[in-house]
**Q** 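My questions will all concern the structure given below.
Hydrogens, waters and symmetry mates play no part in the numbers below; they use all other heavy atoms, side chains included. Since we're looking at a predicted model, the values are computed, not measured.
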Amino acid sequence: MTVPPSPQICVWEVTLACNAACLHCGSWAGRARPDELSTDEALAACAAMAELGVREVTLSGGEPLLRPDWPEIVRALRGHGVLVEMISNGLSLDAATAARIALSGIRTVSLSVDGDAPVHDRLRGVAGAFGRVMAAARALRAEGLRVGAVTQVCRPNLDLLPVIESGLREGGFGAWQLQLTMPIGRCGRDLAIDPSQVRRVVDFITDDSRPDRLPRYGADNIGWMLPCEPALRSVVRPTDRAFCGCQAGLRVMGLTSDGTVRGCLSMPPVFDEGNLRQRSLREIWQNENGFAYNRAPPAATGPCRDCGFVRLCRGGCKTLAHAAGRGLGENPYCARIAAPEQAGSS
């Protein structure tokens with residue numbers, strides 16, 4: 001099994017503490033873990049990531065702004081030459097916090113926006129959350145920061161995507177990532193869309209018919225191997241990205257707030273690879289038997305077995321495949337499988 005030389009990207013859950021109560025939370029966020037990394041341990045993790053070759057780190061949570069030493073973490077990463085972005089729910093992001101973000105060295109912040117005001121507030125479990133996230137976007141823009149939006153596409157907001165886009169455009173957001181809500185963590189299967197509805201999301205993202213469309217792209221848990229790839233994945237035209245299979249444990253890794261390493265932060269604990277308190281990051285990453293589900297993926301099963309793209313796609317998003325319950329060898333959320341009559345269209 002080939003061991004990649006280094007991960008390029010790390011998504012770091014710096015705390016599990018959160019001031020929202022999202023119905024679709026994939027990690028049961030709310031309270032901080034009792035054993036989260038100390039400041040010294042977090043700074044050591046920053047050095048270890050840089051030494052291993054990590055180029056980009058996205059601070060996530062929970063809500064990363066609820067960790068008091070987040071500016072120290074950002075400054076440490078930037079001091080090692082690592083680019084840093086942040087994903088926030090915007091609930092505690094006022095003008096003063098936006099100024100601290102700008103001073104820390106972060107240049108891009110993505111805010112979670114999941115509907116119009118009623119739907120967003122209901123999904124986030126906080127009255128007035130929509131107004132606060134829009135205020136956060138204004139505060140960030142006032143500091144000269146790039147502001148993006150991330151939307152979890154689920155049953156309550158599937159029909160609202162054009163409405164959400166209008167709100168984001170009015171709010172001054174520069175780009176928009178859409179990803180599928182997955183039935184993991186606190187999120188029940190009743191919130192996740194049906195596989196047969198994935199093509200609707202793909203078509204919305206790739207629709208270039210309106211000149212005023214907000215630049216948008218799909219996360220890696222949407223679509224796969226359609227003729228519209230890589231337009232589906234790219235916010236830049238001409239296209240700048242393409243799906244080349246799940247990158248968990250290959251180019252991407254996740255780090256939880258207690259120092260646990262996973263191939264992807266969305267994955268459940270069954271995919272944990274080790275903890276920084278017991279082994280170094282390099283030892284975990286370079287373990288010849290580590291991340292086996294993706295470095296030596298299982299044989300394809302079901303419709304994936306007979307697909308001509310299986311050697312490249314390798315079953316799409318591994319977290320989504322696991323959540324769908326059919327094993328990692330097939331993925332019912334593949335748009336080619338769920339809507340075969342449309343698979344040859346752009």
**Q** Taking salt bridge (charged side-chain N to carboxylate O under 4.0 Å, His left out) as the test, write out the residues that go with Arg277, two or more places apart.
**A** Glu41
**Q** Once salt bridge (charged side-chain N to carboxylate O under 4.0 Å, His left out) is applied, do any residues pair with Arg138, and if so which ones, sequence neighbours excluded?
**A**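 Residues passing salt bridge (charged side-chain N to carboxylate O under 4.0 Å, His left out) with Arg138: none at all.
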**Q** Heavy-atom count around Arg169 CZ within 6.0 Å, excluding the residue itself: above 12?
**A** yes
**Q** Under 3.5 Å, is there a donor-acceptor pair between the side chain of Gln247 and the main chain of Cys244?
**A**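 Looks like yes, one N/O pair under 3.5 Å.
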**Q** Taking Asp121 for the side chain and Pro118 for the main chain, is one N or O donor matched with an acceptor at less than 3.5 Å?
**A** no
**Q** For a 4.5 angstrom cut-off between non-hydrogen side-chain atoms, does Val235 reach Gln177?
**A**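 SC-SC contact between Val235 and Gln177 ruled out.
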**Q** Tell me every residue that passes side-chain hydrogen bond (donor to acceptor under 3.5 Å, both in side chains) with Asp208, counting only those two or more places apart in sequence or in another chain.
**A**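 So Asp208 forms a side-chain hydrogen bond (donor to acceptor under 3.5 Å, both in side chains) with Arg213.
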**Q** I'd like to check Val82 versus Cys46 (side-chain heavy atoms, cut-off strictly below 4.5 Å). Are they in contact?
**A**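 Val82 does not reach Cys46 side chain to side chain.
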**Q** Using side chain to side chain contact (heavy atoms under 4.5 Å, CB included), reason through Met49 and Met253 one step at a time and then give a plain yes or no.
**A** CA-CA 10 Å; Met49 282 189 271; Met253 74 173 186; 3.7 Å; yes
**Q** Which pair of non-hydrogen atoms, one from Pro195 and one from Pro332, has the smallest distance, and what is that distance?
**A**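 Smallest interatomic distance, heavy atoms only, reads CB-O, 3.2 Å.
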**Q** Which pair of heavy atoms, one from Ala29 and one from Cys18, lies closest together, and at what distance?
**A** CB-CB, 3.9 Å
**Q** Working note: Val57 + Leu59, criterion side chain to side chain contact (heavy atoms under 4.5 Å, CB included); need CA distance, chi angles, decisive distance, verdict.
**A** CA-CA 6 Å; Val57 171; Leu59 302 185; 3.8 Å; yes
**Q** Taking the side chain as every heavy atom from C-beta outward, state whether Thr151 and Asn157 have any pair of such atoms under 4.5 Å apart.
**A** yes
**Q** If a pair satisfies salt bridge (Lys or Arg N to Asp or Glu O under 4.0 Å) and one of its residues is in residues 95-116, list it, with sequence neighbours excluded.
**A**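 Pairs touching residues 95-116 that pass the test: Asp114-Arg124.
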**Q** Sub-3.5 Å donor-acceptor pair from the side chain of Arg67 to the main-chain atoms of Thr15, do we have one?
**A** no
**Q** Given side chains that start at C-beta, do those of Asn19 and Ser92 come closer than 4.5 Å, heavy atoms only?
**A**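 Yes, close enough: below the 4.5 Å cut-off.
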**Q** Starting from the C-alpha separation in whole Å, work towards a yes-or-no answer on side chain to side chain contact (heavy atoms under 4.5 Å, CB included) for Thr58 and Cys10.
**A** CA-CA 6 Å; Thr58 298; Cys10 176; over 6 Å; no
**Q** Minimum heavy-atom separation for Pro71 and Pro68, please, with both atom names.
**A** CD-O, 3.5 Å
**Q** Taking Arg233 for the side chain and Ala219 for the main chain, is one N or O donor matched with an acceptor at less than 3.5 Å?
**A** yes
**Q** Assess the residue pair Asn89 and Leu111 against the criterion (side chain to side chain contact (heavy atoms under 4.5 Å, CB included)); give the C-alpha distance rounded to whole Å, side-chain angles, the decisive distance to 0.1 Å, and a yes or no.
**A** CA-CA 6 Å; Asn89 60 31; Leu111 299 173; over 6 Å; no
**Q** Return the minimal non-hydrogen interatomic distance between Ile184 and Ala323, and the atom names on each side.
**A** CG2-CB, 3.7 Å
**Q** Are Phe271 and Trp285 linked, directly or through other ILVMFWY residues, by side chains that come within less than 4.5 angstrom of each other?
**A**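 In one cluster with Phe271: Trp285, yes.
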**Q** Using modelled atom types only, decide if a donor and an acceptor are shared between the side chain of Ser234 and the backbone of Arg241 within a distance under 3.5 Å.
**A**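 Yes: the side chain of Ser234 pairs with the backbone of Arg241.
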**Q** Is Leu83 reachable from Met86 through a run of hydrophobic residues whose side-chain heavy atoms are each under 4.5 Å from the next?
**A**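 Met86 and Leu83: separate clusters.
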**Q** Quick one about Arg55 and Gln8 (side-chain donor to acceptor, distance below 3.5 Å, no hydrogens or angles considered), yes or no?
**A**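 Judged by distance alone, the side chains do pair up.
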**Q** Using a 4.5 Å cut-off on heavy atoms from C-beta on, say whether the side chain of Arg305 contacts that of Val310.
**A**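 Sidechains of Arg305 and Val310: no contact.
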**Q** Do you reckon Ile164 sits in the same ILVMFWY cluster as Leu23, going by side-chain contacts under 4.5 Å, direct or chained?
**A** yes
**Q** Is there a donor-acceptor pair closer than 3.5 Å between any side-chain N or O of Asn331 and the backbone N or O of Gly315?
**A**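 A pair under 3.5 Å: yes.
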**Q** What residues, two or more places apart in sequence or in another chain, satisfy side-chain hydrogen bond (donor to acceptor under 3.5 Å, both in side chains) together with Asp212?
**A**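 So Asp212 forms a side-chain hydrogen bond (donor to acceptor under 3.5 Å, both in side chains) with Arg210.
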**Q** Side chains of Ser112 and Val133: closer than 4.5 Å at any heavy-atom pair?
**A**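 Not touching, per the 4.5 Å side-chain cut-off.
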**Q** Using a 3.5 Å distance criterion without hydrogens, assess whether the side chain of Glu143 forms a donor-acceptor pair with backbone atoms of Leu145.
**A** no
**Q** Is there a donor-acceptor pair closer than 3.5 Å between any side-chain N or O of Tyr333 and the backbone N or O of Ile193?
**A** yes
**Q** Listed by chain and number, what are the salt bridge (charged side-chain N to carboxylate O under 4.0 Å, His left out) partners of Asp159, not counting sequence neighbours?
**A** Arg200
**Q** Give every residue pair that meets the ring pair (Phe, Tyr, Trp, His ring centres under 6.0 Å) criterion with at least one member in residues 167-188, sequence neighbours excluded.
**A** Trp176-Phe204
**Q** May I ask you to test the Asn287-Val3 pair for a side-chain heavy-atom distance under 4.5 Å?
**A**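 The answer is no; the side chains never approach within 4.5 Å.
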**Q** Trp224 vs Phe243 aromatic rings, parallel, tilted or perpendicular, using cut-offs 30° and 60°?
**A**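 The rings of Trp224 and Phe243 sit tilted, inter-plane angle from 30° to 60°.
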**Q** If hydrophobic clusters are built from ILVMFWY residues whose side chains come within less than 4.5 Å, do Leu66 and Leu93 share one?
**A**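 The answer is no; the residues belong to distinct hydrophobic clusters.
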**Q** Going by salt bridge (charged side-chain N to carboxylate O under 4.0 Å, His left out), name the residues that satisfy it together with Glu51, two or more places apart in sequence or in a different chain.
**A** Arg282
**Q** Hey, what's the ring geometry for Phe130 with His120, parallel, tilted or perpendicular (30° and 60° as the breaks)?
**A**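 Perpendicular.
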**Q** Sequence neighbours left out, what pairs pass salt bridge (Lys or Arg N to Asp or Glu O under 4.0 Å) with at least one residue falling in residues 70-91?
**A**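 Applying salt bridge (Lys or Arg N to Asp or Glu O under 4.0 Å) to every pair that reaches into residues 70-91, excluding sequence neighbours, yields nothing.
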**Q** Whether the side chain of Asn294 engages the backbone of Cys246 through a donor-acceptor N/O pair (distance < 3.5 Å, no angle test) should be reported.
**A** yes
**Q** Find out whether Val84 and Ile73 are in side-chain contact, i.e. whether some heavy atom of one side chain is under 4.5 Å from a heavy atom of the other.
**A** no
**Q** Does the gap between the ring centers of His322 and Tyr293 come in under 6.0 Å?
**A**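 Ring-ring flag for His322/Tyr293: false, centres at least 6.0 Å apart.
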**Q** Sorted by first residue and then second, give each salt bridge (Lys or Arg N to Asp or Glu O under 4.0 Å) pair with at least one member in residues 181-196; sequence neighbours left out.
**A**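 Salt bridge (Lys or Arg N to Asp or Glu O under 4.0 Å) check on residues 181-196 returns no pairs.
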**Q** Is the side chain of Glu283 donor-acceptor paired with the backbone N or O of Ser280 at a distance under 3.5 Å, no angle test?
**A**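 Present.
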**Q** Not counting sequence neighbours, list each pair that qualifies as a side-chain hydrogen bond (donor to acceptor under 3.5 Å, both in side chains) and has a residue in residues 255-271.
**A**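 Non-adjacent pairs meeting side-chain hydrogen bond (donor to acceptor under 3.5 Å, both in side chains): Glu13-Ser257, Arg33-Ser257, Glu36-Ser257, Thr256-Asp258, Asp258-Thr260, Thr260-Asn275, Arg262-Asp272.
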**Q** Sorted by first residue and then second, give each salt bridge (Lys or Arg N to Asp or Glu O under 4.0 Å) pair with at least one member in residues 315-335; sequence neighbours left out.
**A**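 As it turns out, the salt bridge (Lys or Arg N to Asp or Glu O under 4.0 Å) pairs with a partner in residues 315-335, which skip direct neighbours, are Arg326-Glu330.
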